[in-house]
Amino acid sequence: MHQAVDIIQQIYYTIVAIIGVPVNLVAIVILSRGKCGLSTCTTRYLVAMAMADLLVIITDIILYRISMYYFPWSFLSITPVCTVIIVLRLAARECSVWFTVTFSFDRFVAICCQKLKTKYCTEKTAAVVLAATCILLCLKNIPFYFTVEPGQIINNVPWDCYPIPGYFTEPGWVGFDWFDTVLTPLLPFASILLLNALTVRHILVASRVRKGLRSRSKGENHSDPEMESRRRSVILLFTISGSFILLWLVYVIDFLYYSITGTDVRNFNDTELIIREVGFMLLSLSCCTNTFIYGATQSKFREQFKSIVKYPVTSLIQLMNKPKN
């Protein structure tokens, strides 16, 4: 059974890497051009999210997971190297998660806090928030460098990375593990749900008020450009945050299960292990979905994607039709 699970994971993570790298690169290129009809502030957050997702795919899926299947005894398996990869993959994953939270908060302010919007929803503020978030999360993950030990030593070279026994028993490390999991993903999970609930509540109240005012002044059938713009913004926000919640849900349930029951993850039975691995597989998939969400919800993003796809073909045709001297 374990062999079948390993084969499924090998195929799955390979497909995610093959899809995830190009789609995130495409998202970075298109969004960076600033021609998708989005504010510069929103664009900053979306580009940062795409870059973080790309780093997750590189560090977590390619260097950490796929390398174990295809290159089991490469230099990536040397203890100091794989320890650094562990720290980088954890930092990248947390940046991906918290960039989603900062984006959700930015949209909450833009929609619900009109007085604060002009000061907070700016390109400069977005850059400061993203940089501070990234630096703090990188510093927070440095202790993970000291939580692993070599699995074996061959010719004085340490190989593999295994958790130190004290990580599961010593109060300091147990507390750090709780802090790590509460910080990602429990707190982001709760924050996004709360921000979305407050945003929905504000939109419903504002929508009723505006409809009442417009019906008295212009009639029921007139379009409302402001509400239409807000609707597109809300659709983008809810699809991104909703995708995050759904794809992280199994992982969160798994954490709550072994925390409440007191089950040691090292003693999981086959069913518990499968659920745990499914949780990891789904949260890895979350690094590939945002680009498809942009394409489904943003017409200008689709237009930019089509122009990028057509550009090599049109350039080749123009080159072939160019008159020769």
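Sequential numbering from 1 along the given sequence is applied to the chain's residues.
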Side-chain donor-acceptor pair under 3.5 Å between [X] and [Y], yes or no?
| X | Y | result |
| --- | --- | --- |
| T147 | W173 | no |
| D160 | S77 | no |
| T125 | T122 | yes |
| D177 | Y167 | yes |
| S243 | T289 | yes |
| S241 | R107 | no |

C41-C121 sulfur separation below 2.5 Å?
->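 With an SG-SG separation of 2.5 Å or more, C41 and C121 do not form a disulfide.
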
Hey, is the main chain of M281 close enough, under 3.5 Å, to the side chain of Y12 for a donor-acceptor pair?
->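 The answer is yes, because a donor-acceptor pair under 3.5 Å joins these two groups.
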
Could you check if a side-chain atom of [X] sits within less than 4.5 angstrom of a side-chain atom of [Y], using non-hydrogen atoms only?
| X | Y | answer |
| --- | --- | --- |
| P150 | W159 | no |
| C161 | I86 | yes |
| V252 | P185 | yes |

Flag the pair F105 / Y120 as yes when their ring centroid distance falls below 6.0 Å, and as no otherwise.
->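 That pair passes the under 6.0 Å test.
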
Is the distance between the ring centroids of F255 and W178 less than 6.0 Å?
->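 Judged by ring-centre distance (under 6.0 Å), F255 and W178 do meet the cut-off.
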
Sequence neighbours left out, what passes ring pair (Phe, Tyr, Trp, His ring centres under 6.0 Å) with F99? Give chain and number order.
->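 If we apply the ring pair (Phe, Tyr, Trp, His ring centres under 6.0 Å) test to F99, skipping adjacent residues, there are no hits.
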
Salt-bridge present (E94, K140; N to O < 4.0 Å) |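 Yes, E94 and K140 are salt-bridged.
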
Give the C-alpha distance, both sets of side-chain angles, the deciding distance and a yes or no for side-chain contact (heavy atoms from CB on, under 4.5 Å) between T291 and F301.
-> CA-CA 9 Å; T291 303; F301 185 92; 4.1 Å; yes

Looking at F280, does the NZ or CZ of R65 lie under 6.0 angstrom from its six-membered ring centre and within 45 degrees of the ring axis?
->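 Yes, R65 lies over the aromatic ring of F280.
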
